[in-house]
Amino acid sequence: MTLRPARPDDAALLVEMIRELAVFEKLEHLMVATPESIAAHLFGPRPAAEVVLAEVEAPEGLLTAGFALFFHNFSTFLGRPGLYLEDLYVRPQHRGRGIGKALLQHLGALAVERGCGRFEWSVLDWNVDAIGFYERMGATLLADWRICRVTGPALAAFAGGPSHP
């Protein structure tokens, strides 16, 4: 297995795996990403996030086994940046081979290298396999915190309506 940063020509592959992840999470109705939107926002003039791909050798050549999409946030309490893992996905046929662990360890090392004060992510409460995996790796689930989200038309209204600059 090798890990490498995603490139612009990986945009369609990323969308394919994001769709697989959306189906797994039963959220495919929310999936609207396209290769064009992924390319523009990950590889454009101001990248919003980064992606690491995991590849494995197979008789037919290199296969993409999974990915981790992450970005920097900032902790005011620590006064330092943090690394936030938005999505980690390993294709079902490649699970149980240490790929998820390798991706997480890679991002942990990247967080240390970049001077981050913490490395965080969210997990769906029904995904007990992932929760157990993360806890075995040393992660702590924060029971007192809830995610707040505003999207779509509600975001426009939240921002003061369509006339908001």
Side-chain angles (χ1 to χ4, degrees), residues 1-75 78 80-124 127 129-139 147 149-152 155-156:
M1 177 193 45
T2 59
L3 302 178
R4 69 165 176 86
R7 301 180 298 257
D9 63 334
D10 293 316
L13 173 64
L14 285 168
V15 169
E16 180 183 312
M17 288 191 293
I18 292 167
R19 185 167 285 107
E20 292 171 20
L21 174 61
V23 168
F24 172 77
E25 292 184 342
K26 301 170 184 63
L27 297 171
E28 61 268 28
H29 60 285
L30 299 176
M31 203 295 206
V32 297
T34 65
E36 293 77 21
S37 67
I38 291 295
H41 294 292
L42 297 185
F43 308 108
R46 189 172 175 217
E50 300 173 64
V51 177
V52 174
L53 295 175
E55 296 177 326
V56 295
E57 300 234 6
E60 59 272 25
L62 277 180
L63 299 176
T64 304
F67 75 94
L69 186 145
F70 62 98
F71 54 88
H72 285 277
N73 56 16
F74 192 82
S75 168
L78 296 177
R80 296 170 62 189
L83 201 70
Y84 187 84
L85 172 63
E86 178 67 20
D87 283 317
L88 173 74
Y89 178 68
V90 177
R91 289 179 151 161
Q93 65 269 34
H94 299 290
R95 292 181 187 157
R97 297 168 59 186
I99 294 168
K101 182 177 182 178
L103 284 164
L104 284 171
Q105 288 177 324
H106 176 78
L107 294 186
L110 199 58
V112 170
E113 177 186 310
R114 294 181 180 184
C116 295
R118 60 187 178 199
F119 175 32
E120 297 178 308
W121 62 94
S122 300
V123 62
L124 292 165
N127 196 345
D129 290 339
I131 290 169
F133 171 65
Y134 298 146
E135 288 177 330
R136 285 190 303 279
M137 286 196 66
I147 298 170
R149 179 175 291 165
V150 184
T151 62
L155 178 57

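Since the structure is predicted, the reported quantities are computational estimates derived from the model, not experimental observations.
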Can you confirm whether or not the ring centre of Phe70 sits under 6.0 Å from the ring centre of Trp121?
no
Is any side-chain heavy atom of Ser122 less than 4.5 Å from a side-chain heavy atom of Ile147?
yes
Donor on one side chain, acceptor on other, Arg97 and His94, under 3.5 Å:
yes
Tightest non-hydrogen contact, residues Phe119 and Leu104, listed as CE2-O, 3.8 Å
Between Ala68 and Leu88, which heavy-atom pair has the shortest distance, and what is it?
CB-CD1, 4.1 Å
Applying side chain to side chain donor-acceptor pair (under 3.5 Å), can you list everything that pairs with Glu55, at least two apart in sequence or on another chain?
Arg4
Residue pair Arg95 / Arg91, side-chain heavy-atom distance below 4.5 Å
no
Show every salt bridge (Lys or Arg N to Asp or Glu O under 4.0 Å) that has at least one partner inside residues 37-51, sequence neighbours left out.
Glu50-Arg114
Quick one: CZ on Phe43 to CG on Asp10, what's the gap to the nearest 0.5 Å?
6.0 Å
Taking atom CZ of Arg7 and atom CG of Leu42, what is their separation to the nearest 0.5 Å?
14.0 Å
For Leu14 and Val51, run side-chain contact (heavy atoms from CB on, under 4.5 Å): C-alpha distance rounded to whole Å, both residues' side-chain angles, the deciding distance at 0.1 Å, then the answer.
CA-CA 9 Å; Leu14 285 168; Val51 177; 3.6 Å; yes
OG1 (Thr64) and CD1 (Ile99) are apart, to the nearest 0.5 Å, by 10.5 Å
According to the ring pair (Phe, Tyr, Trp, His ring centres under 6.0 Å) rule, which pairs have a member within residues 18-38, sequence neighbours left out?
Phe24-Trp126
